[in-house]
Number of protein chains: 2
Amino acid sequence: MDEDLSKTVAAFRQLVTTINRAKTHGMLTEAAGVQLDRPDVQILVHLLDAGGPRRVGAIAEGLQVESPHVTRHVSSLERRGLLTRVKDPEDGRAWQIALTEEGADAAARCRRVTVEWFGAAISDWPVADRAELQRLLSKLSDDLCVHLQSRLADSSVR
Amino acid sequence: MDEDLSKTVAAFRQLVTTINRAKTHGMLTEAAGVQLDRPDVQILVHLLDAGGPRRVGAIAEGLQVESPHVTRHVSSLERRGLLTRVKDPEDGRAWQIALTEEGADAAARCRRVTVEWFGAAISDWPVADRAELQRLLSKLSDDLCVHLQSRLADSSVR
DNA sequence: TATTGTTATACTCTATAACTATA
DNA sequence: TATAGTTATAGAGTATAACAATA
């Protein structure tokens, strides 16, 4: 068993644990000045990142959750005026979910606060290390997702 | 707003999303040949990493959760024979939680499967990149945790 | 009186199944 | 008949509060 690899996984596990704490989310939403639960924030920021309206199914796929989960939060966010549902002109079954001005504003604040928090934590890193972190994390994200897909495909075939 | 930094955060978010999927946990436990939920696995592997018995409070602190959560899962794992509770000889209020042979075995399989999965995903990386990943992830984990502590302290003072 | 752990309870997050409407 | 989305339901995960026993 590779010793370095074990350390990498341990560090990663620690990181995920910290991110998932309720207190971490509370700190970020307080700083962003919003009262939104985690799925709410994920959906809003996803729409902001997408740069335009998206279907419920596309949001669910992007966030890797099932669509009923998205439906419930979209309904709640619509009631609060943070996004709107518009009939898809090309498919009568589908909806396009779009951020309102207020929703885009909240999403932008959440995203900014997160990036700032992350940035502050590594602010004293050498520039080269920060660049490497970006390159390696992106690569890791891609490779781990692809690898997981094939593993999941394997076990479902069996 | 730093463009590289945004990319780093986006990659990181994607990674956390993938890790947290129910299917990912299902794939890993199937490969390890165990039927344990996520908190169960976390507690067992934590005890294995610790290298010896630990108190409920210490486990809770290590996993960054509240102690009642640990109590419930420890009780269930004890009933299943994967760990034992022993009175702390130095403090009558406390318990030392220890892995049984079977528990240590299950923990080792879970940990090994996770590390192997992770390792397989980056198996074709250059050696230098893997070393850098380990170094940078460890540093990131430390810095993000420390930085979060100070942020949490700030907001609770206010 | 402070601390360790447990019990009781409730809330958050997410999945599955059954259904409706359109394609 | 297949697909997009919704409604209904259930389960996993975690926190808070109240309590017990010991320090």
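Within every chain, numbering begins at 1; the chains are lettered A, B, ... in the order of the sequence lines, protein sequences first and strands thereafter.
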Legend entry - Selection: residues 84-100 of chain B, any non-hydrogen atom under 4.0 Å of DNA chain D: B/Asp91, B/Gly92, B/Arg93
Legend entry - Proximity to DNA chain C (any heavy atom under 4.0 Å), residues of residues 12-24 of chain A only: none
Legend entry - Remaining members of hydrophobic cluster (4.5 Å side-chain criterion), B/Val146: none
Legend entry - Euclidean distance, A/Thr24 OG1 relative to A/Arg38 CZ, rounded to 0.5 Å: 8.5 Å
Legend entry - Basic-acidic side-chain contact under 4.0 Å: A/Glu116, A/Arg112: yes
Inset, instruction - Mind listing the residues from residues 31-40 of chain B sitting with a heavy atom below 4.0 Å of DNA chain C? Number order is fine. - result: none
Legend entry - Members sharing A/Val86's hydrophobic cluster (side chains within less than 4.5 Å): none
Inset, instruction - For B/His69, enumerate each residue passing the ring-ring contact (aromatic ring centres under 6.0 Å, His included) test, keeping only those at least two apart in sequence or located in another chain. - result: B/His73
Inset, instruction - Under the side chain to side chain donor-acceptor pair (under 3.5 Å) rule, collect the residues that match up with B/Ser75, sequence neighbours excluded. - result: B/Arg85
Inset, instruction - Using a cut-off of strictly less than 4.0 Å between a heavy atom of the residue and any atom of DNA chain D, enumerate the qualifying residues of residues 58-77 of chain B by number. - result: B/Val65, B/Glu66, B/Pro68, B/His69, B/Arg72
Legend entry - Side-chain (B/Ser123) to main-chain (B/Ala120) donor-acceptor, under 3.5 angstrom: yes
Legend entry - Approximate separation, where rounding is to 0.5 Å, of B/Trp125 CH2 and B/Leu133 CG: 5.0 Å
Legend entry - Check: B/Gln64/A/Thr18 side-chain N/O donor and acceptor closer than 3.5 Å: yes
Inset, instruction - For B/Ser67 and B/Ala60, indicate whether the former's side chain and the latter's backbone hold a donor-acceptor pair under 3.5 Å. - result: no
Inset, instruction - Output all residues satisfying side chain to side chain donor-acceptor pair (under 3.5 Å) with A/Asp4, sequence neighbours left out; order by chain, then residue number. - result: none
Legend entry - Opening and closing nucleotides of DNA chain D in contact with chain A, under 4.0 Å to non-hydrogen atoms: D/dT3 to D/dT9
Inset, instruction - Verify, without hydrogens or angle tests, whether A/Arg109 (side chain) and A/Ala32 (backbone) share a donor-acceptor contact under 3.5 angstrom. - result: yes
Legend entry - ILVMFWY cluster membership beyond A/Val65 - transitive side-chain contacts under 4.5 angstrom: A/Val34, A/Leu36, A/Val41, A/Ile43, A/Leu44, A/Val45, A/Leu47, A/Leu48, A/Val56, A/Ile59, A/Leu63, A/Val70, A/Val74, A/Leu77, A/Leu82, A/Leu83, A/Trp95, A/Ile97, A/Leu99
Legend entry - A/Asp49/B/Arg13 salt bridge by N-O under 4.0 Å criterion: yes
Legend entry - For B/Pro89, side-chain contact (heavy atoms from CB on, under 4.5 Å) partners two or more places apart: none
